[in-house]
Structures are given as structure tokens and as C-alpha cells.
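Taking it in order: structure first as C-alpha cells, then the write-up.
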Amino acid sequence: VSQTWESPENLGVVLNFAKFRAFLAEEVERFGGEVWLGCRYTGHSHANGETIVEFKQLSDGQSVKVSTKVLVDATGFARAIMYEKENDKPEFLSGTGIEYLIEVEPEVYDKYANDLIFFLGDKWMPKGYSWIFPMEQNRLKVGAGRIFLDPKTVKNLEPLKKYIDLLIDEYLKSKNYTIIDKHGSTLKYSQGLQDIYCQDNIIAIGDTVSTVNFLGGEGIRHGMDGAEIAGKYIQKYLDGKISDFRDYETEMHRKFDQKWHISERLAVRKYIDDVNDVLTDKTIDYLKYMKTEDVMDILFYYKFEKISRGLGGYLSRKIKGFIRKLGG
Ligand SMILES: Cc1cc2nc3c(=O)[nH]c(=O)nc-3n(C[C@H](O)[C@H](O)[C@H](O)COP(=O)(O)OP(=O)(O)OC[C@H]3O[C@@H](n4cnc5c(N)ncnc54)[C@H](O)[C@@H]3O)c2cc1C
């Protein structure tokens, strides 16, 4: 089954994550901050009303101590500050993915230069999905991600690389490509958004508090939205207007709970419960009657109410199709 939605207008951009991170680092410096790379947070302690944070420099193993009024846990799925030991962490829904940046023949690139392509179903990526996005002239991002399930319960899982090769060889049919970069990472999402958002003068943002949407694995925009909310409360804390970050936690739940709870339920149905692509096929069959804007609203803005609103149109088309068939 293949379904295409088109728009005469640009509906978004494909982000170059490396350039984006470099931009953010420059912004920190522009606002008077310092960026230290190659340092690992190893612990913190409170003494005389101060928080002392300890880092290890990866180059020479030296320890560096910094004193701070507010400590932000932005260590992603590691949640390195909020959980001291691995054993302290609760169960998470986990996912893992890898993405290649490849350079392909101009004729291959031109075919896909304006498309975002998602591959669903067991053939392309069991328990997940794979994708091809255009990055820049002759360069495509090709990736695959899936939910992590206990290998004892799921047999015959092939390595993710196999599914990326499948996209390149069978879909793109590129004979002469070069791999420019390979990267991969992990998602750990707290079902029911039960993360630790704050503790004394520590506040957590981004994947550390599951701002990543587990249905699509999209987390950059949402991490930034959450960080903007955190920034507001950090300023209030530094100005002495609040003495803890509990209101931050409340506002984050207000912003994310409803949409994220529906997304995680759909993710469990799609990535864990769907057998033989029954649900996947039904979903595509349903979405194919929808307008591009509505599909974008559902997939990228989680406006799930559009699904039920579309039901009337879907059913009436199905019934009309059925009557037509009866009429021969
Ligand atoms: C394969 C894959 C593809 C994805 N594609 C997309 C996409 O197309 N669009 C999208 O929006 N999202 C995507 N995501 C999700 C997105 O990457 C995350 O949601 C986002 O990066 C979260 O940002 P963050 O800053 O919270 O955490 P991260 O980006 O994970 O940053 C955390 C940082 O903390 C560092 N760190 C961890 N522990 C320590 C420590 N002890 N000391 C110092 N530093 C530490 C890490 O090295 C890392 O640099 C993808 C995820 C994966 C796995």
C-alpha cells in the first residue's frame, strides 16, 4: 500500500541537527554564557546554600567543580542528574534508531528532493518505522527506528542496519552511494509522564522529562517548547519570586499530558500490539481520505480530534464504494 499527500506549498523544513546544535551553542555565547564540550557530569552536592557541580574532562580525566544557583538536567534519556544510579530508574518505554546521511546519484536525489517518506509495516520496519528525508543537494537522510522489546518475547529481530540497506537497495535503488555520516540514539519515555521534573534547585528539561512524542519519536521542537517554559520559571527563581519549581511541573503537565497520553496509547497499539500490520493497514486506509493539512495536523500537531471528525467522511465513502460494488 502506498499513499501520497501533496501540497503546493512548503509545509516545513528538514532540520540539519548538527548545524542546529552549533547555532544553539553560538546563541549561548551571544547571551554571555560559556559552552564546554567534552565534559561529563559526575555528581553534585549542596553546601552552605550553594550547589557544587562536578564534571570530568574527558581529555585528561581532570575533575572541575562549578558552583551554581540552579542546575538544569538536560542530559536526555540518561537523566544523569535526576537519577544518581541506573538502578534508581523506573521502567521506561524505550526505542532505538539509527540514521545515515548518504550522498546519492543526482537522478536518485531529484526523485525524492521534495518528499518526506515514511515506511510502516513489517516488511520495512517491524515494531517501528523507517524514513527517507531530503537533506541537501544529492544528500538524503535514511533512518530506521523501533521500540525496544524484550528479546525473549520478540524473536527474529534483525539489526536496524538491515532495514536501512533495504531502503537504499530496494526503494532508492542507489548503486553508487557514499555514507557521509551514521548516528544513532535511544529514547526512553516515561509512560503517563511520571518523570521527576524538579528537586530543590534542580529542574529537568527535554527528553529527561519525556517531551519527546513517543508515537513519532519527534522531540526537538517539544524539548525547546518545554525549555522555554523552564526558562520562565528559572528567571522567577533567580529573581526570588518563587522558591521551588513545582509550578513548572504543573505547567508542563498542562501542556503535554492530554496529547502525549493519546500518543503513547497509539504508540503501544502500533509498535507493540499490531500483528501482521492489521492496524497499520486500517490506519492508512482511513487517513487516505483526509486532506494533507489534516494529516499534517494529526501527525505533527497531534490534533487527534481530527481523526474522529474525519470518520463521517470515511464511512460515507466506504458505504458509497460498497453500494457501487453491489451495483456492479
Ligand atoms: C534515531 C533518532 C532519530 C530522531 N529523529 C528526530 C527527528 O527527526 N526530529 C525530532 O524532533 N526528534 C528526533 N529524535 C528525537 C530527538 O533526538 C530528541 O527528542 C532530542 O534530541 C532531545 O533533546 P534533549 O536536548 O532533551 O536530549 P539530547 O539531544 O539527547 O541531549 C542530551 C545531551 O546530554 C549529554 N549527556 C548525557 N549524559 C551526560 C552527562 N553525564 N554529562 C554530560 N552530558 C551528558 C548527551 O551526550 C547529549 O549530548 C530522534 C531520535 C532518535 C534516537
Side-chain angles (χ1 to χ4, degrees), residues 12-25 27-28 35-44 53-58 63-64 66 71-86 89 92-101 116-118 125 128-135 140-148 160-161 163-164 167 181-190 195 197 202-231 252 256 260 263 267 271 299-302:
V13 291
V14 177
L15 195 67
N16 183 326
F17 201 28
K19 283 189 183 161
F20 179 62
R21 287 167 87 121
F23 163 78
L24 289 178
E27 284 289 280
V28 169
V35 179
W36 294 0
L37 298 176
C39 286
R40 180 143 289 268
Y41 160 89
T42 51
H44 69 273
V53 189
E54 202 164 328
F55 296 97
K56 196 173 198 176
Q57 287 181 174
L58 299 182
S63 165
V64 183
V66 178
L71 177 57
V72 180
D73 190 346
T75 59
F77 74 89
R79 295 167 169 83
I81 300 174
M82 284 309 186
Y83 293 95
E84 210 181 312
K85 294 191 219 93
E86 206 51 40
K89 292 180 187 170
F92 294 109
L93 272 180
S94 301
T96 172
I98 49 174
E99 190 176 65
Y100 290 10
L101 178 63
L116 288 187
I117 313 175
F118 295 94
M125 186 65 258
Y129 71 90
S130 52
W131 62 89
I132 300 175
F133 300 158
M135 181 75 263
L140 298 170
K141 284 177 165 200
V142 183
R146 71 173 161 224
I147 198 161
F148 177 81
L160 286 173
K161 178 186 177 304
Y163 296 98
I164 295 196
L167 294 182
D181 178 49
K182 284 183 191 179
H183 54 263
S185 190
T186 299
L187 296 177
K188 283 185 193 279
Y189 173 88
S190 164
D195 286 298
Y197 287 75
I202 309 172
I203 181 166
I205 59 170
D207 275 14
T208 305
V209 284
S210 304
T211 48
V212 62
N213 185 284
F214 205 71
L215 182 58
E218 198 204 333
I220 298 169
R221 280 186 307 155
H222 314 310
M224 295 193 67
D225 284 349
E228 208 169 319
I229 297 174
M252 288 292 277
F256 288 100
W260 262 230
S263 301
Y271 302 131
L299 294 185
F300 292 101
Y301 300 98
Y302 319 108

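Atoms within a ligand are numbered from 1 in the order they appear, just like the ligands themselves. When a residue number appears, it is its place in the shown sequence, counting from 1.
The closest side-chain heavy-atom distance from L71 to D73 is not below 4.5 Å.
Judged purely by distance below 3.5 Å, without hydrogens or angles, the side chains of R40 and T75 never pair a donor atom with an acceptor atom. Side-chain contact of E99 with W131: a donor-acceptor pair under 3.5 Å is present, judged by distance alone.
Under the side-chain hydrogen bond (donor to acceptor under 3.5 Å, both in side chains) criterion, E228 pairs with no residue at all, not counting sequence neighbours.
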Starting from the N and O atoms of ligand 1, collect every protein N/O partner closer than 3.5 Å and put each pair on its own line with the distance to 0.1 Å.
| unit_1 | atom_1 | unit_2 | atom_2 | d |
| --- | --- | --- | --- | --- |
| ligand 1 | 11 (O) | G219 | N | 3.0 |
| ligand 1 | 11 (O) | I220 | N | 2.9 |
| ligand 1 | 12 (N) | G219 | N | 3.0 |
| ligand 1 | 14 (N) | G217 | O | 3.2 |
| ligand 1 | 19 (O) | D207 | OD1 | 2.9 |
| ligand 1 | 19 (O) | D207 | OD2 | 3.3 |
| ligand 1 | 26 (O) | D207 | N | 2.8 |
| ligand 1 | 41 (N) | R40 | NH1 | 3.3 |
| ligand 1 | 41 (N) | Y41 | O | 3.3 |
| ligand 1 | 42 (N) | Y41 | N | 2.8 |
| ligand 1 | 49 (O) | R21 | NH2 | 3.1 |

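Aromatic pair F118/F133: centroids less than 6.0 angstrom apart.
A cation-pi contact, defined as under 6.0 Å to the ring centre and within 45° of the axis, links R79 to F92.
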